[in-house]
Each structure stands twice: as C-alpha cells, then as structure tokens.
Amino acid sequence: MSDDFIPPRGTLDWLPARQAARHAMLDRFRAICEGSGYAEVATPVFEEKALFSRTAGESSEVVGKEMYLFEDQGERVLALRPEFTASLMRLYLGNGMSREAQPVRVWCAGSCYRYAAVQRGRYREFTQVDAEAIGSDDPAVDAELIALQLRWYDALGLEGIELRINTIGDKGDREPYLAVLRDYLDAHIDHVDEEIRRQRDLNPLRAFDTKHPESQKVMADAPKIADHVSEAAREHFAAVRSFLDARGIVYTVDPTLVRGLDYYSRTTWEVAWPELGAQSGIGGGGRYDGLAESIGGPATPGVGFASGVERVLLALEDQGRLPAPATRVDAFFAIFADDARPALHALLDQARDAGVRCEADLAGRAVKGQMKQADRIGAARTVVCGDDEWARRACLVRDMASGEQVEVPLDGLVEFLVNAKG
Ligand code: HAM
C-alpha cells in the first residue's frame, strides 16, 4: 500500500475505544427512541439523485455542492444519501403508513455522505442518528422530538449544549418574505459578499449563514422571516414553545436560524456545543409539511431531527465523558507449559462458548511479561498453567484486583470462570 492511503489529518478513526463508545451511544439512542414509541427502520445507502434535489433543493449546499453522484448501468443518476429525511418520507408514503395510527414514529442510524473539505467534525462519510414523526402537525410532536434529542445528549452526559429554535412559516409565507429580503439585499448589495450576491435570486435565505463579517452585520438588521409568517404559523410556534417551557427546556429563539435544507416549514432548531469549534452543530431538525408533495405524495405533515454521531463523540471526548468500554477481558490465559497449550486453548474456546471473554498469550512472553499483558488489557483474572500445574492437570486462577490465587482442576475450569464472572 502506498503512502497515499494513509488517512489525512482530520479523519476520525474508529479505533477500539471510539468504536466501543459509538456502540454505547447508539444503544442509548435506540433505548430512548424505543422508550418513546419510535420504531427502527432502514433506508438504502444510494438513491435517485432526484429524491434529494426535489426535497432538500438544488440551491442547498447539500444538494448543490456536496452530493456524491454516479451513473449506474441503466443511466440513472444516483446519489449516496446525504441525509435520511426524504428517504423516510418516501418509506412512509410507499408503504401505506398513512393508514396506521398517526403520527408514525420512526428512527434510524447509519452512514451519510457529503463532499466537503474534511476538518475536525466534518467528514465525507459520517454517521447520523435520525428520528421522525410523520403524519401530525400537532406542535406537541415538534416539542417531543426536541425533548427526545436532548434526552439523548443528557443520557450521554454531554454538558453545555445550546438549543436555538425559530419558525420559518409555511410555503405560502415564503415568496412574499423573500421579495422583502431581496429588496433589503439590493439596498445593501455593496456591503455583502460574492456568495450572497450569487444566491440573491436562487436562495437569499442562505445569506443568514454567511461567515463574512461585513455581511453578518448587514444580515443582523435584515428583515427576519419569523416577522413575516402567517398567524397560523405564529400560533403553532407559540404552542411549540409552551410545550418546551412546560418541560423546563432552555432555548434561545434565533430569528436568523433558517437551516440549510429547502424542505423546512414552521419549526426549525439546532443544537450546538459552541466549544467544539467551527463545526459545533451537533444536531438539527425541523418540520417539513411540504416535503411529501414535492415527491408526488399527498400533503403530509412531518417533523424530525438528525444528529451527527462523530460530532457528539468529539464533544464527549473533549468533556472527558466518552462512554467507557465494558471490561474487555474476563480471563487472560498465561500458559507456560508448552505441552498444555492445545488442551488450554480448547478450554479457552469452551469458556468463550459459555460467555466468558478470554484471551491467551500468543507472543511467547515470559511470566512477568504475561502478567503485565494481563494488567494492560484490564483482565479480571489470569489463568496460569506452568509445568507443575500441568502435571497435576490443574491451573492457578489469579484475581487481578485482590491478588488472591486459587488452584482449579482443569476439568472444573470453565465452570469456575463462569461462576467467578457472576
Ligand atoms: P443537517 O443539519 O444537515 O440536517 O445534519 C444533521 C447533523 O448531521 C448536523 O447537525 C451534524 O451534526 C451532522 N453532519 C452534517 N454534515 C456532516 C459532516 N459532513 N460531517 C459530520 N457530521 C455532519 C439533516 O440532515 C436533516 N435531515 C435533519 C432532519 C431530520 N430534519 C428533519 N428531520
């Protein structure tokens, strides 16, 4: 393999401690979702490009710049999924789920793909956990999902996170507001950056996400969408807030929060851990009452969120709260009698079959080296078999924490280890 295959800086490697933490994080997410009536589903890794371009929108960064596209042998243009929401709505529509009790609550987790400059917290292949409630426009559902997302962070022990919420109104509110926003941009066009000028016609809302300091100043005074939404959307948002307030959830209303995907309507939210740096957004979501129609379905309300597992993991790591892997090894076999090795390796497998996590020295280490190795891998016990023990068809089992040692006949070893494990 050439040097070119050595991963670049910024790549997040799933080494054992992180992989164990990742599983613990996903297990938590599963338990929390299932405890709230969300059922696990899965969606394909690649989909027709149009599924994303018609929902998240051509003018969004995700679709316009970040999709991995390829043509298959049937000349279909396919995309590696950049997110789950459109696929989950399609799953709902395509399986007659509107006939089930509403809303249908689903969750899923898996890899997503976005082409972007790799840096800490931003990867081309990353993992999302996602939860959606489809089929209800009740503001209680928006709040339920926000609460569910926060419950996960809380269960992981994440601290210092910030929730921002906003309403961006309904599709009908959008055009009149965009006209007002374009007029404002035109009046300040000499003070905004090139990207905003480029987006003026296509998607002027993106101007709120600018990183350009002078443009940020201009956008701080720009007309905000929340002031241009219908009475119905305003009431819906007030109700979402009352459901959050009753739960004691702390949030900031951020009138500049528009989110980067076109399908949103009404409630939008983002959760960040600011200390994470440039990529501090650990999860976001919102309502998407017009999405079903954009893929040919009947009007169907929906709301949900996704969270980036890698970003949450980095935040946990920074806060020293990475879920600890379970003790990796129950028993380390230190075999010094060469003749004993086949019989002890057979016993080791029998113990594994009985649910005891075991390892054996394979490096031919001396006594001291093997004890050190047992310590290093955090083994709860060490099974020692030297020539004397082998002659008696026995072994010594040493409790690594207390240092206590007992002799155990080999034919009772598996049972002993199972009982010792408790
Ligand atoms: P999103 O804000 O595009 O929303 O992504 C959700 C989360 O995925 C982000 O907050 C971030 O933590 C993580 N993420 C996004 N891009 C990357 C990347 N390149 N590297 C690492 N992590 C990343 C959605 O995807 C919507 N589908 C959420 C949703 C569900 N809205 C309604 N339902």
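Treat the numbers as computed from the prediction; the structure is a model and nothing was measured.
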Tell me, please, which residues at least two apart from Gln405 pass side chain to side chain donor-acceptor pair (under 3.5 Å). Arg398
Do other residues, nucleotides or ligands put more than 12 heavy atoms under 6.0 Å from Arg28 CZ? no
Using a cut-off of 6.0 Å, state whether more than 12 heavy atoms not belonging to Arg341 lie near its atom CZ. no
Ionic contact status for Arg321 with Glu159, cut-off 4.0 Å: yes
Heavy-atom donor-acceptor pair, Ser36 side chain to Glu34 backbone, under 3.5 Å: no
Aromatic rings Phe29 and Phe305: how do their planes relate, parallel, tilted or perpendicular, breaks at 30° and 60°? perpendicular
Measuring from Leu80:CG to Phe46:CZ, what's the distance to the nearest 0.5 Å? 8.5 Å
For the student: nearest non-hydrogen atoms of Met400 and Ala379, plus distance: CG-O, 3.3 Å
For the side chain of Ser215 and the backbone of Lys211, is there at least one donor-acceptor N/O pair under 3.5 Å apart? no
Salt bridge present between Arg105 and Glu132 (N-O < 4.0 angstrom): no
Would a distance-only check, ignoring hydrogens and angles, find a side-chain to backbone donor-acceptor pair under 3.5 Å from Thr55 to Tyr263? no
Is there a side-chain contact between Thr167 and His236, using heavy atoms and a 4.5 Å cut-off? no
Looking at Asp349 and Arg352, does any basic side-chain N land under 4.0 Å from a carboxylate oxygen? yes
Lys65 vs Glu58, test: salt bridge (charged side-chain N to carboxylate O under 4.0 Å, His left out). Steps then yes/no. CA-CA 9 Å; Lys65 294 190 187 156; Glu58 284 290 356; over 6 Å; no
Using ring-ring contact (aromatic ring centres under 6.0 Å, His included), reason through Phe126 and Tyr113 one step at a time and then give a plain yes or no. CA-CA 6 Å; Phe126 61 99; Tyr113 304 85; 7.8 Å; no
Ignoring hydrogens and geometry, is there a side-chain-to-backbone donor-acceptor pair from Glu270 to Gly284 under 3.5 Å? no
Cationic tip of Arg22 above Trp14 ring, under 6.0 Å, 45° of axis: yes
Return yes if some donor-acceptor pair links the side-chain N/O of Asp72 with the main-chain N/O of Gly74 below 3.5 Å, else return no. yes
Is there a salt bridge (charged side-chain N to carboxylate O under 4.0 Å, His left out) between Glu214 and Lys217? Walk through the geometry before answering. CA-CA 5 Å; Glu214 204 185 341; Lys217 274 196 208 131; over 6 Å; no
Determine, for Glu235 against Arg241, whether the closest basic-nitrogen to carboxylate-oxygen distance falls under 4.0 angstrom. no
Under a 4.5 Å cut-off applied to non-hydrogen side-chain atoms, are Leu276 and Arg120 in contact? yes
With no hydrogens and no angle check, is any side-chain donor or acceptor of Tyr184 less than 3.5 Å from a backbone partner on Val218? yes
Look at Arg124 together with Glu66 and state whether they make a salt bridge at an N to O cut-off of under 4.0 Å. no
Ignoring hydrogens and angles, tell me if any N or O in the side chain of Arg259 forms a donor-acceptor pair with the backbone of Gly286 under 3.5 Å. no
Non-hydrogen side-chain atoms of Met25 and Leu313 separated by less than 4.5 Å: yes
Are any side-chain N or O atoms of Asp173 and backbone N or O atoms of Asp170, one a donor and one an acceptor, separated by less than 3.5 Å? yes
I need the full list of side-chain hydrogen bond (donor to acceptor under 3.5 Å, both in side chains) pairs touching residues 413-422, with sequence neighbours left out, sorted by first then second residue. none
Roughly how far, to the nearest 0.5 Å, is CD of Gln350 from CG of Leu347? 5.0 Å
Residues, nucleotides or ligands: over 12 heavy atoms within 6.0 Å of Glu71 CD: yes
Worked check of ring-ring contact (aromatic ring centres under 6.0 Å, His included) between Tyr68 and Tyr115: CA-CA 6 Å; Tyr68 278 94; Tyr115 183 79; 5.8 Å; yes
Any side-chain heavy atom of Cys112 sitting closer than 4.5 Å to one from Thr127? no
Under 4.0 Å between a side-chain nitrogen and a carboxylate oxygen: does that hold for Glu47 and Arg81? no
Name of the residue among Leu91, Val129, Asp130 meeting side chain to side chain contact (heavy atoms under 4.5 Å, CB included) with Cys108: Asp130
For Lys171, does the NZ atom sit with more than 12 other heavy atoms under 6.0 Å from it, leaving out its own atoms? yes
OH on Tyr264 to CG on Leu291, rounded to 0.5 Å: 9.5 Å
Can we say Arg18 and Glu317 salt-bridge, meaning some charged N sits less than 4.0 Å from an Asp/Glu carboxylate O? yes
Name the one of Thr252, Asp142, Val253 that satisfies side chain to side chain contact (heavy atoms under 4.5 Å, CB included) with Ile165? Val253
4.5 Å side-chain heavy-atom contact, Leu51 and Ser87: yes
